[in-house]
Structures are given as C-alpha cells and as structure tokens.
Amino acid sequence: MTDNPLLQPWTGEFGLPPFALARAEHFAPAFRSAMQAHLEEIGAIGDSTEPPTFDNTVAALDRAGRPFDRISGLFYNLTSSETSPALQAVEREMAPLLAAHDSRVYMHRALFERIDALHGKRRELGLSDEQLRVLERYHIDFVRSGARMNGPAQQRYAEVMQRLADLTTQFGQNVLADESGFQLLLKTEADLAGLPDFVRATARQAASERGIAGAAVITLSRSHIVPFLTFSERRDLREQAWRAWTTRGEHAGASDNRGVAAEILALRLEQARLHGYASYADYALADTMAGTQEAVTSLLMQVWKPATTRAASERAALEALALSRGESATIEPWDWRFYAEKVRQVRFDLDEATIKPYFPLERITEAAFDCASRLFGLSFAARPDIAVYHPDVRVYEVRGGKGEAIGLFLHDNFARPTKRSGAWMSSYRVQSKNGGSRGDASVLPIIVNNNNFAKGAPGEPTLLSFDDARTLFHEFGHGLHGLLSNVTYERLSGTNVLRDFVELPSQLFEHWLEEPEVLKRHARHHLSGEPIPDALIEKLHAARHFNQGYETVRYTASALVDMAAHARADVAVADVVAFERAELERIGLPAGVGLNHRLTHFQHLFSGSGYAAGYYVYLWAEVLDADGFEAFVEAGNPFDAAVAKRLFRFIYSSGNSIEPGAAYRAFRGRAPTPQPMLKQRGLVEEVAV
C-alpha cells in the first residue's frame, strides 16, 4: 500500500492529516498495516531479554503505536464530524477488529508481566512523581482490560469487547440516521407563528442547504429544536417536533436502538462479572474520584429533592400564565419551554430575541480567546491558508506568552447532516515530550472543538443564544485542557484524566462568560457594534436561576436512570423503554419535565463507554468548578494572576500526572465543598442544614 496517503509521511503543517487525499477506502488497509506495526512494537517490548526498566518498558510502551494513533485520530474525527455512507461502512467493518487489536495489546502476557514486575517494586525504582503515576495508570489499564484473567475468561472477555464495539458503533449510526432523516417543513405563515426572525432565518437556511425551496425546515439539531419549542405558537407542531426529538432510536426498523441498548447493558454486566464485580456500575466507578455508587447517589440526591421542589413551583407559574392566555393549564413536555419563555419575559423583561443580537459567533469566539489570553498568555492566529476536512472549519495557530508554539486549534461550529449532534472536544494528536524513536522529541497537540450551531444565511452572522455561548465556552475549556497540557507521557496528557475530573476545566471556563467585563468587551450588537447594555447584563444575571428546577431535574433524572441501568447485578435490563418508564416513576419525575437524554438515543452511554455509569460526572465536576471559581471571587479579580498561575499549573497543564484530588487541593488550598454548587444552581435555600 505504498500509494496509500495514510501510510505516507504526513507532511502537512503541524503534522496535519492529508485531508484532501484521504478516502474511505484507504482506512481499512491503513489500519491493518498500522495495527501490525503496533503489535510488532509491543512484541519487541514484551519479549525483550533485557530486565524490565521504566525506560525500556513503560516509556517504550507510551511511544508505541503512534502511526496507529494518528490514523485512529483522523478516522474517528471524520466519522463524528464529516461522515458518509462509505465511512460508516468502514466504521462497521473495523469496529470489532479495532477492539480485538486493543485486546491483543492489553492482554499481551509478556508485556504485562514486565509492567506487573515494575509495579510491584515501584517504590524502590527511584521514579519521579510523573513516572510513578504513568506506571500506575498503565498497570490499571492492563488489569481493567483483562490482563490478569485466565485463558477461557480472557478469550470471552475479548469477544465481549468486540461485540460491544459493534453495538456502540451501530447505536451511534442509528441516532444519526434518525436525526438526519427528520425534517419539519414550515410552509405557511401559520406554520411559522410565534417564531422570531432569527429562528425563521436559520430554518430557511436549513431548507436551502437541503435544496428545499419556498419553505423553512426544523431539523433535530438542538440549535433548531430548542428555539422552535421555545417560540412556536403552534402547539401541534411543537408536539410533533418534540416527539421526533425524544423518540430517536425508538422506531421499528433499521435504526431501532431498543435491542441494541439492551444487548449493550447485558454485555457490560458480563464484562463486570468477568472482572469480579457485581455490576457494571461497580466496575466503572472503581477507577473514578467518586469510587462507589453510594457516593454518586448521595451527590445526585443532594440536588434531586430541592430541584423537584423548585420544578413544582415553576410548573405552577407556567400553568397560571397558560390560564391567563385562555389556554389549557396542562403543561405537557412540548409546552414547558414555550411557557417558560413567556414567564421569563414577564418576570425579567428578558427574551431570547433581545439577547441574541449581542452574541454573534465571531464575537463570542474572540471572547473565549481573550479570556485564555488574559488567564494564560495565549494568542490565537487565524490560519485561513490551512485547509482541513470542511470549509466551515476555522484553523488557529496557538502560541504561548513568550511566542512559543503551543499547538493547533480547529473550530468546527455548525450543524450539518454528516455530523453527529451535540458538542464535544477531540484531538488529532495529543501533547507529549516522549516522541521520536528514543523519546527525545516534543509533540504539539492538534485539538478540535465541535459545536452544532444553526448557521446564519450567506452574508449574515450566526447569532448564538446565551446557552449556545455557554456551550462554546464549555467546549473551549476542554480545548484548553488539551492545548495547555505539559506532561512527558502521552498516557497522562490533556484530557486523559479520570472521567469525573474531565469536566472540571470545561465547566470552570464557563464562568468567565458571565463576567460583566467580558460581556462589555465582547458582547456587541452585530449591526451597531454597541456593547451589551448594563441593564441587559443585570437582567441576565437576575434570570440566571430561572427555570433551574426544570434543567436540574432533567439532568439529574438522566444521571439516575443511567446509574440504575448499569447497577443491575442480577440480570441486565431487557426492555430499556419499560425500564426507563418504571425508574422515572420510582424516583418521582415531575410531570411535563422530561429527560435530557432517553436511553434509546443516550449517546453518552451507548455510543461508547466513556460516560456509561458516568453521566453524573457533570454534577461532580460542578462541585469542583463552582468551588474553584470562588478562588477568583475571593481574590477580587476574575483574572487574578496568582490564582490563574495555580489554575494553569494544577488543573489545565498537569493532565493526569497528579492524582486529581491532590491536584484540586494544590490549586484551591483545600478540598471542595458543595455549597457553591448549590448556590450556583439557586438551590441552596431549599437544602436542609
């Protein structure tokens, strides 16, 4: 395959992939070649006749498989951000083969014996703190991948992981099929009733992109659905859109995820039992900050009761408003956002149509960059000369305070049918100082942020809601976690941290969006350039706790259902829809609220294992981020240099080189307390003390 561009040296600037040359048919042979080379490296390390040392075993393992990693990075980013039927076919073909490759690496007996021997005498080796940490993390990786299992159990474990790779791939593709296959056509003025100009404009742009003339289109992108549910006066169309959104993956046919999710849960239970755990939740939580189901449930229930109480009072306000309009007081899930917006306008004289003109995408991107500059000394230089995988993607060269190269940042902001829903950060390459054949070269990161904003019409700006702007800041916080990483070993780099720590840098960065001086500097009207008025900032701050009962219940209910589904120890869930319904009845989900994610399209859980029995991590990290930002409040300056220096050192640049609890204490000077989180959500007054 000498003519395969993926197997040639990647000569693009910063080592970028050969986007223009890569084709779907290149990936399978490239993967096979890279996997073989990786296994040869692993074999050479494991079968070495030299006694195991940190350098010839752990550091060498950390360097192994870089060609495989770069092909994987390109492939998985494309299948998430710019997929095609051909790429999806390769994804289905390769998923079990890639899972089998992982098993061959992490079940390599000779290599594990060397790592296990080093781990057993790790305190006697004179290792640095980072070397000790990476040895411990690799040892955990091997054990949790089945390296200690006997032959038959190990073989079955590998089979389970291959089948899970099949199923999680299928789950994600099914959700995308349902999302891209739906469009709500709005043909008449009656269909558009209540929709502000900005919603109409994005719906017409969506129609134009799909070749539909004389109509507007609402897709299942969150940036379409939420505004439509918020403003549309057509209750019948709101219900139609809501049902399509919430039943993704729940239709008989090729994209039905009900059986897929049930089989995933059954296999995860078997996976946990092979490790000796009673449930998958026990297995998953063993390598987290939380550690146990009890710790997670305790945290979730701290907010559940006050949140449901708050949601009940919010519902009463919505019913009263509906009655004042001569409409039904029965608030269904497709009604909540509509009436909540009306109540917000009455209580705070605040509506989305007033806010959005001050939040053009370009300005909010500048705001995120400026905050990173003021906190960490970074600069972002646009590189329009660098072409990547889609013309909408913006590329930036990132440099530090002394002008040194930090990495490359790709900003992919718009929804499209070839892109999965949601918002996420990923990487094409991660930072390390263990590159080259002898570990003598530094590797700069290539980081990408993906959002799904509704694109403005040609020549018109893309206007963000305040929630959209928060999402941009959130993902950029993840991006900074990858860009600012300053560790030696790739295994410890950037976001390769425990999963209930990974949301801290992202959620913490959201706080700067709400700072008045940031808003005054960057939130400017897209037509006049005038800064956002002080009165509007005050209204935004006054309304920050509005509807928080609704939002908190939706999130917490999803987290509780996730934990319940993965905590089953006797038999796995067979009917995910019936299980979800029963669990919501058991915990007392308030009527009309709904969930952030239903199980049939819950990609956090079923398109991979990263957040399985782990959706709670956003709340866990919120305890940390709310308490952490208080350090800047106490300093009297959101850009205090001393606090920012500690933030950089212990949170954004340390990756997984420091145990996360110790890293937080080093930054904050103490362990976190939950009160700032409860205050941040406006729930503190309902908590009994």
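Everything numeric here is computed off the predicted structure, so don't read it as measured data.
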Walk me through it: do Glu314 and Val593 pass the test side-chain contact (heavy atoms from CB on, under 4.5 Å)?
CA-CA 11 Å; Glu314 291 169 356; Val593 174; over 6 Å; no
Identify whether the distance between the nearest side-chain nitrogen and carboxylate oxygen of Glu82 and Lys419 falls below 4.0 Å. no
Interatomic distance, NE2@His478 vs CG@Asn449, rounded to 0.5 Å, equals 8.5 Å
Note to self: Is it true that Ser221 and Thr219 share a donor-acceptor pair across their side chains at a distance under 3.5 Å?
What the structure shows: no
Minimal heavy-atom distance between Pro227 and Val199, with the atoms involved, is CB-CG2, 3.8 Å
Between Asp191 and Arg234, is there a salt bridge with N-O shorter than 4.0 Å?
-> yes
Given the options His601, Arg248, Arg222, Ser421 meets side-chain contact (heavy atoms from CB on, under 4.5 Å) only with Arg248
Of all heavy-atom pairs linking Pro660 and Leu498, the shortest is CG-CD1, 3.7 Å
| task | Would you indicate whether the side-chain heavy atoms of Ser80 and Trp424 approach each other to under 4.5 Å? | result | yes
Practice task
Look only at the side chain of Gln173 and the backbone of Gln88, and say whether a donor-acceptor pair between them is shorter than 3.5 Å.
Solution key: yes
The test is salt bridge (Lys or Arg N to Asp or Glu O under 4.0 Å); show your working for Arg344 and Glu352 and say whether it passes. CA-CA 10 Å; Arg344 186 171 74 145; Glu352 203 67 56; 3.4 Å; yes
Keeping the roles fixed (side chain from Asp351, backbone from Gln345), state whether a donor-acceptor pair exists under 3.5 Å. no
Does the side chain of Phe359 reach to within under 4.5 Å of the side chain of Ile355, using non-hydrogen atoms?
yes
On a heavy-atom basis, the closest approach of Arg499 and Thr288 is NE-CG2, 3.8 Å
Worksheet entry | Check: His604 and Tyr618 side chains under 4.5 Å, non-hydrogen atoms | yes
Is the shortest distance from a Lys or Arg side-chain nitrogen in Arg315 or Glu319 to a carboxylate oxygen in the other one below 4.0 Å?
-> yes
task: Indicate the ring-plane relationship of Tyr550 and Trp336, choosing parallel, tilted or perpendicular according to the 30° and 60° boundaries.
output: parallel
- Please examine the side chains of Phe546 and Val343, heavy atoms only from C-beta on, and report whether any two atoms are closer than 4.5 Å. yes
Counting only N and O atoms by type, is there a donor-acceptor contact under 3.5 Å from the side chain of Thr297 to the main-chain atoms of Glu294?
-> no
*Does any donor atom in the side chain of Glu475 or Asn451 lie under 3.5 Å from an acceptor atom in the other side chain?*
no
When rounded to the nearest 0.5 Å, the distance separating CZ of Arg210 from CD of Gln205 is 9.5 Å
(request) Would you please say whether a donor-acceptor pair under 3.5 Å links the side chains of Gln548 and Arg310? (result) no
d(Thr418 OG1, Leu78 CG) to nearest 0.5 Å is 10.0 Å
Worksheet item: Is the closest side-chain donor-acceptor distance between Asp500 and Tyr616 under 3.5 Å?
Response: yes
Between the CG atom in Leu560 and the CD1 atom in Ile587, the distance rounded to the nearest 0.5 Å is 5.0 Å
Here the ring pair (Phe, Tyr, Trp, His ring centres under 6.0 Å) pairs for residues 556-583, sequence neighbours left out, are Tyr280-His566
Under a 4.0 Å threshold between the charged nitrogen and the carboxylate oxygen, would Arg681 count as salt-bridged to Glu551? no
Self-check item: Pair Thr247, His251: side-chain N/O donor-acceptor within cut-off below 3.5 Å
Solution: yes
Does this structure show an ion pair linking Arg235 with Glu327, if we count only N-O contacts that are shorter than 4.0 Å?
no
query: Are any of the side-chain heavy atoms of Leu229 and Trp245 separated by less than 4.5 Å?
result: yes
Quick one: are Val226 and Arg337 in side-chain contact, heavy atoms under 4.5 Å?
yes
* His275 backbone acceptor or donor facing Tyr157 side chain under 3.5 Å -> no
Discussion item. Quick one, Ser279 with Gln293, criterion side-chain contact (heavy atoms from CB on, under 4.5 Å). Give me CA distance, side-chain angles, the key distance, then yes/no.
Written reply: CA-CA 10 Å; Ser279 71; Gln293 292 185 48; 3.4 Å; yes
- Centroid separation Phe171 to Phe602 less than 6.0 Å: no
What's the verdict on salt bridge (Lys or Arg N to Asp or Glu O under 4.0 Å) for Glu514 and Arg470, showing C-alpha distance, side-chain angles and the deciding distance? CA-CA 9 Å; Glu514 294 191 359; Arg470 183 180 287 112; 3.1 Å; yes
Do Val175 and Ser607 have side-chain heavy atoms sitting under 4.5 Å apart? no
side-chain contact (heavy atoms from CB on, under 4.5 Å) with Phe453: of Thr202, Leu463, Asp468, only one passes, and it is Asp468
So OG1 of Thr79 and CE of Met94: to nearest 0.5 Å the spacing works out to 12.0 Å
Is the side chain of Ser558 donor-acceptor paired with the backbone N or O of Asn596 at a distance under 3.5 Å, no angle test?
yes
Does the ring of Phe338 carry Arg238 above it, NZ/CZ under 6.0 angstrom from centre and within 45° of its axis?
yes
Problem - Glu270 bridged to Arg156 by N-O distance under 4.0 Å - result: yes
- Message: With side-chain contact (heavy atoms from CB on, under 4.5 Å) as the criterion, how do Tyr339 and Arg325 come out once you've worked through the C-alpha distance, each side chain's angles and the decisive distance to 0.1 Å?
- Response: CA-CA 10 Å; Tyr339 287 112; Arg325 289 165 53 101; 4.0 Å; yes
Is there a donor-acceptor pair under 3.5 Å between the side chain of Thr552 and the backbone N or O of Gly549?
-> no
Between Asn257 and the options Val576, Asn174, Asp178, Leu167, the side-chain contact (heavy atoms from CB on, under 4.5 Å) test singles out Asn174
Exercise for the section: Check the pair His597, Leu605 against side-chain contact (heavy atoms from CB on, under 4.5 Å), reporting the backbone distance first and the verdict last. Expected result: CA-CA 10 Å; His597 308 283; Leu605 309 190; over 6 Å; no
One should read off an interatomic distance between Ile218 CD1 and Phe182 CZ, to the nearest 0.5 angstrom, of 9.0 Å
Quick one: does Arg568's side chain have a donor or acceptor within less than 3.5 Å of a partner on Val573's backbone? no
Q.
For a 4.5 angstrom cut-off between non-hydrogen side-chain atoms, does Arg581 reach Asp575?
A. no
Side chains of Glu503 and Tyr611, donor plus acceptor under 3.5 Å | yes
Report task. Would you confirm whether His474, through its side chain, and Glu510, through its main-chain N or O, come within 3.5 Å as a donor-acceptor pair? Result -> no
Check: Between Glu239 and Arg243, does at least one N-O distance fall below 4.0 Å, as a salt bridge requires?
Finding: yes
